[in-house]
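Encoded as structure tokens, the structure appears first; notes follow it.
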There are 2 protein chains.
Amino acid sequence: MSATPRKDLAAMIVPLGRALAAAEVPLLREHGLTMWAYTVLLGLGEQPLRSQAALAEAIGADKTRIIEVLADLDDRGLITRTPDPADRRVRLLALTPEGRRVRGAAQAAIQARENALLARHLPPTLRAPFLEALTTLSTLPPDSLTDPTP
Amino acid sequence: MSATPRKDLAAMIVPLGRALAAAEVPLLREHGLTMWAYTVLLGLGEQPLRSQAALAEAIGADKTRIIEVLADLDDRGLITRTPDPADRRVRLLALTPEGRRVRGAAQAAIQARENALLARHLPPTLRAPFLEALTTLSTLPPDSLTDPTP
DNA sequence: CAGGTTAGTACGCATGTGCTTATCGTGTGC
DNA sequence: GCACACGATAAGCACATGCGTACTAACCTG
């Protein structure tokens, strides 16, 4: 049975995530972005998003906290917040071309760094399976990891 | 070149880590442990550890913050803090048998849950490579992920 | 022995974040 | 039309965490 003596998954993953996130910060700074701003830009995909609450939900942020982030990004012309004509309570969120450019530039820098890191530290045969497994796990619905769901 | 359109590593790993850590909390509670207490028990391996500062460093905690955790674990008989006869300023930290038992029980519960989770969500061919890659990355020196180190 | 250093401890401050409440404009159901 | 619901916003509280300071006991150097 307990044939695999190893550390806990979380004990390995959490520090790894911390380190990767910490490594991103300076790169984001060079592009004038905070982590939250970058997260918002990533959360705004290609299609405009309806309502800030939906965005907050999607990126796991507090809806009262991203307001200033959104206001800042709006001021700087990276996103637009236009009232929905159909329901003027909600704001339609969309990337501007400039926002798309900045997001792309930041992401390119980050992923280039990450790829170099994987190339340096991970044996070639492990890279693809690792990324695939990671993608699989990260696209699961949020509670399939938290619930025991038998 | 940019042949792999994917999310950032950190964008996948960090939420995953959060979810896994959140899933641990209730299990730890059942064993009377907080996350920090559990981290301390994991940090105290088989050999006793010299000095609390070393422990804090090892588990990435603030040395002024784990004091009460250590005091609590000591009070509950899960660890011992004995002054080093050679240098009575430093405390030798060690697991008691009971501490070892509790740590083992908690870890067994956690890993059983994690294994079930992997079995449910990850194709069999990906499991071993995923764990191996994760182990590799998580045993790297902390700054090899943060530094660009050329 | 005197002065400087270190480990452990306690305390306070600043920050980030989650959660709650209040307000305002807008929509919707009765 | 009016009461209630909802989205966005602002303000405040609570808690965890990181960081710095101060104090004590012990060690070490000269």
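The sequence lines fix the lettering, A, B, ..., with proteins before strands; numbering per chain opens at 1.
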(Q) Can you list, in residue-number order, the parts of residues 62-81 of chain B that come under 4.0 Å of DNA chain C, counting heavy atoms only? (A) Thr64(B), Arg65(B), Ile67(B), Arg81(B)
Run the side-chain donor-acceptor check on residues 14-29 of chain A: report pairs under 3.5 Å with partners two or more places apart or on a different chain.
none

Q) Under a single-linkage definition using a 4.5 Å side-chain heavy-atom cutoff for Ile, Leu, Val, Met, Phe, Trp and Tyr, are Ile59(B) and Val102(B) assigned to the same hydrophobic cluster? A) yes
Q. Rounded to the nearest 0.5 Å, how far apart are CD1 of Ile66(B) and CG of Leu93(B)?
A. 8.0 Å
Q) Taking any atom under 4.0 angstrom from a heavy atom of chain B, which nucleotides of DNA chain D are the first and last to qualify, 5' to 3'? A) dT17(D) to dC27(D)
Q.
Closer than 3.5 angstrom, by distance alone: can the side chain of Thr96(A) be matched with the main-chain N or O of Gly77(A) as a donor-acceptor pair?
A. yes
Q. Under 3.5 Å, is there a donor-acceptor pair between the side chain of Asn115(A) and the main chain of Gln111(A)?
A. yes
Q. Quick one: do Arg91(A) and Asp84(A) make a salt bridge, cutoff under 4.0 Å?
A. no
Q) When you check every protein heavy atom under 4.0 Å of nucleotides 22-30 of chain C, what one-letter string (B, S, -) results, 5' to 3'? A) ---BBS---
(Q) What is the distance, to the nearest angstrom, from the CG atom on Leu93(B) to the C1' atom on dT9(C)? (A) 14 Å
Q.
With a 3.5 Å distance limit and no angle check, can you tell me whether Arg113(A) reaches the backbone of Ala108(A) through a side-chain donor-acceptor pair?
A. no
Q | Strand contacts (DNA chain D) in residues 25-37 of chain B, 4.0 angstrom heavy-atom criterion | A | Trp36(B)
**Q.** Set of side-chain hydrogen bond (donor to acceptor under 3.5 Å, both in side chains) partners for Glu114(B), sequence neighbours left out
**A.** Arg6(A)
(Q) Nearest 0.5 Å, please: how far is CG in Asp87(A) from CZ in Arg50(A)? (A) 5.5 Å
